[in-house]
Amino acid sequence: MQRLDQNQNGYRGERIDVDATLDACRAAAHQHGWSPEPLPPAELNRCAWVRRTGRAEAHRIYLSTGMHGDEPAGPSAALQLLRENRWPDVDLWLLPCLNPTGLRANSRTNAAGIDVNRDYRQPRSAEAQGHLTWLEQQPRFDLALLLHEDWEAHGFYCYELNPHALPSLAGAMVNAVRAVCPIDESPEIDGRPISEPGIIRPLIEAELRPDWPEALWLGQHKTSLSYTLEAPSDWPLPVRVKALVTAVQAALAQFTATDQPSWAALPHTPSP
Ligand SMILES: [Zn+2]
């Protein structure tokens, strides 16, 4: 598994046709019984795909990606997950591209130059504002998986936000991805000490932080368990897509294998 060594001062790798990828997502979602829910504003042409079991007590799992436009493996992984159609018997929400203008431009930010994933506290971007308008109408989720890439990473890693110490899915993800690409074994990643190889359990005081990412808003308002998955984007794109898909499948398998309490049984984290 060869590192490409081409990411200098940013992502320099393969790009995707994000509109073609989202068209293919639409086709696969329709084929497998998902329903679209448009995300405002309409001009961004984004949607959430939703598939519910019809059982009131079903677990609820949320997945999102395409937040950063220089991270093309996420939308490609969403497409592969939709096509493979291997899901547990849970209610599902899948958002394959939160920042389409960024993906089209291969830029981390949206077209207005805003890092949308730092914009979930007092949102200025149309992307975060519209996403939050939609999110506020959604129920609580038992698990959120946010698919990202890191152009500087030495391998796959993930962040875990798990304030109630629920059964962790991180080890299962890292072990599964180890067969696909290296794990980032650095003692410190992205300026944060690791908890285990490839696993960061950040100590975050949300109220002290002005620039909330999606994961922080979700942790405050919608879920007690979330993972931000980071594929290493100095490896070939198909490897990173496989790493993200493998991590998601491992998380879903571990989630259903462990007796996860339902959203209804957990205390809600108080809003700031
Ligand atoms: Zn990212």
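Note that ligands are numbered from 1 as they come in the structure, with each ligand's atoms numbered from 1 the same way. Everything numeric in this text was worked out from a predicted model, so none of it was measured.
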A.B. asks: Around Lys242, counting heavy atoms of other residues, nucleotides and ligands shown, do more than 12 lie under 6.0 Å from its NZ?
C.D. replies: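 For Lys242, atom NZ is not crowded (no more than 12 foreign heavy atoms under 6.0 Å).
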A.B. asks: Could you name all protein N, O or S atoms found under 2.8 Å from the Zn ion (ligand 1)?
C.D. replies: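 Hits for the Zn ion (ligand 1) below 2.8 Å: His68 ND1, Glu71 OE1, Glu71 OE2, His148 ND1.
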A.B. asks: Can you tell me if Glu136 has over 12 outside heavy atoms packed within less than 6.0 Å of its CD?
C.D. replies: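 Enclosed: over 12 neighbouring heavy atoms sit under 6.0 Å from CD of Glu136.
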A.B. asks: So does Arg55 pair up with Asp91, basic N to acidic O under 4.0 Å?
C.D. replies: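 Asp91 and Arg55: not salt-bridged.
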A.B. asks: Under a 4.0 Å threshold between the charged nitrogen and the carboxylate oxygen, would Asp70 count as salt-bridged to Arg108?
C.D. replies: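 Answer for the salt bridge query: no.
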A.B. asks: With a cutoff of under 4.5 Å between side-chain heavy atoms, which Ile, Leu, Val, Met, Phe, Trp and Tyr residues group with Tyr159?
C.D. replies: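 When side chains under 4.5 Å apart are linked, the cluster holding Tyr159 also contains Tyr157, Ile189, Ile194, Ile200.
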A.B. asks: Around Arg86, counting heavy atoms of other residues, nucleotides and ligands shown, do more than 12 lie under 6.0 Å from its CZ?
C.D. replies: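 No.
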